[in-house]
Peer 1: 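I am attaching a structure below and will ask some questions about it afterwards.
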Amino acid sequence: MPRILLPDFVLPEISTLSGMVDTVRAKTPLVQCLTNAVVMQFTANVVLAAGGSPAMVDIADEAGPFARIASGVLINVGTPYANRREAMVEAAHSAQQGGTPWVLDPVAVGALPVRTALASDLLEFRPTAIRGNASEIVALAGQGVGGRGTDSTAHIEEAFDAALSLSRHTGAVVCVSGERDLIVQAGHSESIAQVGTPRTDRVVCVDNGSELLTKVTGGGCALGAVVAAYLGILRTDPFLAAVLAHSVYGVAAEYAERQASGPGTFAVHFVDALAAADGGAFAAHGRVTVADDMAAKNPENS
Amino acid sequence: MPRILLPDFVLPEISTLSGMVDTVRAKTPLVQCLTNAVVMQFTANVVLAAGGSPAMVDIADEAGPFARIASGVLINVGTPYANRREAMVEAAHSAQQGGTPWVLDPVAVGALPVRTALASDLLEFRPTAIRGNASEIVALAGQGVGGRGTDSTAHIEEAFDAALSLSRHTGAVVCVSGERDLIVQAGHSESIAQVGTPRTDRVVCVDNGSELLTKVTGGGCALGAVVAAYLGILRTDPFLAAVLAHSVYGVAAEYAERQASGPGTFAVHFVDALAAADGGAFAAHGRVTVADDMAAKNPENS
Amino acid sequence: MPRILLPDFVLPEISTLSGMVDTVRAKTPLVQCLTNAVVMQFTANVVLAAGGSPAMVDIADEAGPFARIASGVLINVGTPYANRREAMVEAAHSAQQGGTPWVLDPVAVGALPVRTALASDLLEFRPTAIRGNASEIVALAGQGVGGRGTDSTAHIEEAFDAALSLSRHTGAVVCVSGERDLIVQAGHSESIAQVGTPRTDRVVCVDNGSELLTKVTGGGCALGAVVAAYLGILRTDPFLAAVLAHSVYGVAAEYAERQASGPGTFAVHFVDALAAADGGAFAAHGRVTVADDMAAKNPENS
C-alpha cells in the first residue's frame with residue numbers, strides 16, 4: 001500500500017485504518033436503505049455481511065422518523081416510483097436535520113428524466129457522500145449526459161474533474177466506481193458546514209475489486225449501502241470511511257473471484273467473503289493510494 | 001425429542017407428525033404472499049422448496065379473490081406501500097370470510113408508525129397465526145415498543161407473556177422466533193370461533209435452527225410463508241401445523257449451516273436442504289418440546 | 001439436431017445458428033424489463049449472464065422514452081401495481097412506435113382479473129413475441145381460463161391451437177414453455193406489418209431445459225427477458241431469435257442441473273452456465289426440431 005505524502009493529507013497508519021474497519025463491524029451500524037426494487041434483497045444481504053443491520057424503510061411517514069435513528073442512510077434513485085420519491089425526499093431532509101450521514105447513488109441519472117430531476121432535488125439536502133459510475137457522476141455534476149442504464153460510458157479518469165467539482169459544490173465525498181475507484185473530497189477555504197471537510201483537496205484511488213461485480217446486478221448499488229454503514233460509525237472522517245468501505249468491498253470481491261466459476265457463484269462467495277472481511281483482511285489486501293490531481297487523471301503515472 | 005405430558009396436551013407420535021409433513025408436500029399448498037419487497041424472491045423460492053406453490057398476488061382487486069382460492073395466505077407488513085396496504089386489508093378480509101388460514105408477520109411493528117397501525121387493523125380479521133421476533137410480538141401485544149428494524153431487542157422468553165396474551169386476545173397461534181422458537185396457543189373457555197382452539201394453553205419450544213438465518217434477509221419472513229403453507233394443508237390443528245413448519249425449517253437450516261462457509265453459501269444450501277426435508281428428516285432431527293409456562297420462561301430448567 | 005424439411009421452412013445450418021448466438025453476445029443488447037417485483041433481481045442477473053445489459057426502467061415518463069433506445073423490451077404483467085401498469089402501456093406504445101421489438105409475458109393471465117385486462121390491452125401494441133406457459137397462452141388466446149398462479153394446468157400440446165390462433169391474430173411469435181417448448185409463428189397471406197412474418201406457419205419444438213427451472217421463481221419470467229435480448233439483435237427473424245433464446249437458456253439449465261444438489265444450487269449454477277453458453281454450446285447441445293402441426297400436437301410421433 002504505497003503512500004504519497006501531500007502537504008495537507010497523509011493516510012493514517014495501516015493499523016489505524018484496519019482498526020477502523022473492525023470498529024464498524026463491532027458497532028453494527030443500522031443502515032436505512034431507500035433503494036431500487038431490483039437490488040433490495042442483495043443490498044440487505046450485503047449490509048448484513050458487512051457487519052451492519054439493514055432496514056429498507058422506504059415509505060412516507062416512516063422514512064423520515066427512521067432516518068433520525070439510523071446510523072446511516074442510502075438513497076438510490078433507481079426505480080423511482082412516486083411514493084418512493086416522496087419517501088426519499090423525506091428521508092434526506094430528516095437525515096440532514098438530524099445529522100445522520102447519508103449517501104446518494106444517482107443510478108442512471110443523465111439518461112432518464114424523472115430520476116435526474118429527483119437527484120438534483122436531493123442534492124439540496126447535502127449528501128455526505130455520492131457514489132456512482134463515471135457517467136452518473138459526470139451527469140450529476142452537470143458536465144454532460146450519457147450512460148445507458150447502469151453501464152458507464154465515461155472513462156473513470158474523465159470523471160475526475162466532475163467529481164471534484166461536484167464535491168466542491170455540495171460538500172460531499174464523491175466516489176466514482178470503475179476498474180479503479182476514485183474517492184474525492186474537495187477542500188474548502190470557507191467551510192460549508194459538513195463534518196470533516198478538509199482544507200485541501202483529498203483524492204484516493206482504490207485498486208481493489210473485480211470485473212465480476214459488474215456482472216451481478218446491485219454490485220455497485222450495494223456498495224453505496226456499505227459506504228452508508230461506514231459513514232454511520234466513522235463520523236469524524238467521512239472521506240476515510242468511504243475509502244475503507246470501497247477497499248474492504250473490493251478485497252471481498254477479489255477473494256470471491258478466485259472461488260467463482262461465473263457470476264452466479266461469484267455473488268454467493270462475495271457475500272461469504274464480505275462477512276469474513278475484517279481489519280486484518282484490509283491490512284493484508286487493501287490497495288489504497290493517495291493521488292494528486294495529475295495522478296488521478298493519469299493513473300499510469302501514479 | 002423429549003415430551004412432557006400436560007393434563008390436556010400431548011404431542012402426537014413422531015410417526016404421525018412426520019406423516020403430516022409428508023402430507024403437506026404431497027398436496028402442494030398454494031401460498032399467497034403479500035410480503036415486503038426485500039424478500040419476495042427468497043420467499044417464493046423457499047415456498048417452492050417447502051413443497052408449496054407461491055403466488056405473490058398483492059394488488060387490490062386481485063388479492064381478495066385470490067385469498068379465497070389459496071391454501072394459505074401470508075401478510076407481512078414490511079415495506080407497506082399504500083397500494084399494498086389496501087391489498088393486505090382486502091386479502092385478510094377475504095381470507096377470514098372464505099375460511100382460508102392466514103399468517104400475520106408484524107415485521108418492525110412497534111418501531112414504525114404506518115405498519116404498526118396497519119398490523120393493528122389486520123388483527124380485526126383474526127389471523128390464524130402470528131409470527132415475529134420477540135420485540136415484534138411484544139409490540140403487537142401492546143406491552144411495549146422496541147426493536148430496531150428487524151432486529152429483536154427483547155429476549156425470547158420475555159415475549160412469552162406477550163405471546164400468550166396476544167393468542168388469548170386474538171385466537172391466533174403465536175410464534176416467537178429466536179434462538180429457541182416458542183409456539184403458543186391460548187386455550188379458551190368460551191370459544192371465539194377459531195378452528196382447533198384447545199381448552200387449555202399449549203406451548204411448544206422448537207430448538208431447531210441456525211444463527212445464520214439471522215444473517216440472510218428474509219430468514220424470518222420466509223418462515224411465515226412456510227407456516228401459511230402448513231396451515232393450508234393441516235387445517236384441523238393450526239398449532240401443530242405451525243410447530244411442524246418451524247421445526248422442518250430449522251432442520252433444513254442446521255443442515256445448510258454444516259455446508260456453508262458464510263451467509264451467502266448458507267442461503268443457497270438452505271433452499272436445497274428445505275427442498276429435501278421430508279417427514280423422515282423431521283423424525284430424525286426435529287427438536288420439539290412441550291413446555292409448561294415456567295419452562296417456557298426459564299428454558300434452562302426445562 | 002434432426003431437421004424436417006417443410007415446403008416453406010428449413011432451419012438454417014447449425015453453424016449459422018450458432019453464429020447468431022455469438023452475435024447476440026457480441027452486441028450486448030440493452031434489455032428494458034418491466035417485470036414483476038418477485039423476479040427483478042434474478043431477471044437482471046440472467047440478462048447479464050446472457051450477454052445483455054438489463055435496465056429495469058418501469059415508471060411512467062421514463063419507460064416510454066427508454067423503450068425507444070432499448071434493444072428490446074420485456075413486459076411481464078405480474079404484480080401489476082397501478083403505476084407499473086401505466087408504465088407498461090407507455091413502454092409498449094413507445095416500442096411499437098419506435099420499432100423496438102418487445103415481449104409480452106402474460107403471467108397468471110386468466111386466473112386474475114387486473115392483469116388479464118391489462119394483457120388484453122397490451123396486445124393492441126402488437127408484441128413481437130409472447131411467452132408463457134400453456135395455461136397462460138390458452139387464456140390469452142381467449143380459449144379458456146385456468147392456471148393457479150404461475151403453475152400451468154394445461155398440457156403443452158393442448159396449447160398448440162391456442163398459440164397458432166394467438167399468433168395469427170396478433171402477428172406475434174408465440175412461445176409456450178413446458179417440458180417441451182413450442183415456438184409458433186403463423187403465416188399470413190395478408191401481411192399485418194410485422195417484421196419477418198413468414199408466408200406459412202412455422203413451428204419448432206425446443207427440447208432443452210430442466211425440471212428444476214420450475215422450482216426457481218423467475219425461471220420462466222427471466223426467459224422472457226432473454227427472448228427480448230435475442231429479438232433486439234436478430235431483428236430480421238424474430239422467430240429464429242425466440243427459438244435460439246429458448247435453446248441456449250435450456251442448454252444452460254441442463255448443465256446447471258448436473259451441478260446442482262437442489263433448486264438453490266441450481267439457480268446459482270444456472271447463472272454461471274448461461275454466462276458461459278455461447279454458439280459452440282448451442283451447436284453441441286441445442287435440440288431444436290422443426291415440426292408440422294400434427295407433430296406439434298403429437299410430439300411422440302415427430
Side-chain angles (χ1 to χ4, degrees), chain A residues 35-46 76-86 107-118 146-153 211-222 256 259-272, chain C residues 28-66 69-71 79 81-84 86-87 216 222 252 255-256 259-260 264-277:
Chain A
T35 192
N36 69 75
V38 191
V39 304
M40 290 177 87
Q41 177 183 298
F42 184 69
T43 301
N45 282 328
V46 162
N76 172 308
V77 300
T79 63
Y81 309 124
N83 52 358
R84 214 171 286 188
R85 292 200 296 275
E86 188 186 345
V107 56
V109 158
L112 293 162
V114 175
R115 66 191 71 190
T116 300
L118 172 62
R148 22 175 265 166
T150 58
D151 279 352
S152 179
T153 51
E211 170 75 14
L212 279 169
L213 277 174
T214 67
K215 300 301 181 191
V216 175
T217 198
C221 298
Q259 313 295 315
S261 57
T265 44
F266 172 78
V268 171
H269 288 296
F270 173 66
V271 172
D272 278 9
Chain C
T28 317
L30 179 59
V31 184
Q32 180 182 8
C33 302
L34 300 97
T35 192
N36 69 75
V38 191
V39 304
M40 290 178 87
Q41 178 183 297
F42 185 69
T43 301
N45 282 327
V46 162
V47 168
L48 283 163
S53 177
M56 312 328 248
V57 181
D58 63 354
I59 70 164
D61 298 327
E62 290 192 348
F66 201 79
I69 65 167
S71 307
T79 64
Y81 310 124
N83 52 358
R84 214 171 286 188
E86 187 185 347
V216 174
Y255 182 85
Q259 313 295 314
T265 43
F266 172 77
V268 171
H269 288 296
F270 173 66
V271 172
D272 279 10
L274 191 59

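Hydrogens, waters and symmetry mates play no part in the numbers below; they use all other heavy atoms, side chains included. Protein chains get the first letters and strands the later ones, always in sequence-line order, with residue 1 at the start of each.
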Peer 1: Using non-hydrogen atoms only, which part of A/R85 is less than 4.5 Å away from chain C: side chain, backbone, both, or neither?
Peer 2: side chain
Peer 1: If you count heavy atoms of other groups shown closer than 6.0 angstrom to OH of A/Y81, is the number above 12?
Peer 2: yes
Peer 1: Walk me through it: do A/C221 and A/N36 pass the test side chain to side chain contact (heavy atoms under 4.5 Å, CB included)?
Peer 2: CA-CA 9 Å; A/C221 298; A/N36 69 75; 3.7 Å; yes
Peer 1: Would you find a donor on one side and an acceptor on the other, under 3.5 Å apart, between the side chain of C/Q41 and the backbone of A/T217?
Peer 2: no
Peer 1: With side chain to side chain contact (heavy atoms under 4.5 Å, CB included) as the criterion, how do A/F270 and A/Q259 come out once you've worked through the C-alpha distance, each side chain's angles and the decisive distance to 0.1 Å?
Peer 2: CA-CA 9 Å; A/F270 173 66; A/Q259 313 295 315; over 6 Å; no
Peer 1: Is there a donor-acceptor pair under 3.5 Å between the side chain of C/D272 and the backbone N or O of A/T265?
Peer 2: yes
Peer 1: Check each atom of A/V268 against the heavy atoms of chain C and say whether the ones under 4.5 Å are side chain, backbone, both or neither.
Peer 2: side chain
Peer 1: If you count heavy-atom pairs under 4.5 Å with chain A, which of C/V271, C/T35, C/V57 comes out on top?
Peer 2: C/V271
Peer 1: Looking at A/S261, A/G218, A/A267, A/A82, which has the largest count of heavy-atom pairs under 4.5 Å with chain C?
Peer 2: A/S261
Peer 1: Is chain A contacted by the side chain of C/D61, its backbone, both, or neither, given a heavy-atom distance below 4.5 Å?
Peer 2: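 Contact with chain A: backbone and side chain both.
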Peer 1: Heavy-atom pairs under 4.5 Å with chain C - which of A/P113, A/G78, A/A37 has more of them than the others?
Peer 2: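 Looking at each of A/P113, A/G78, A/A37 in turn, A/P113 comes out on top.
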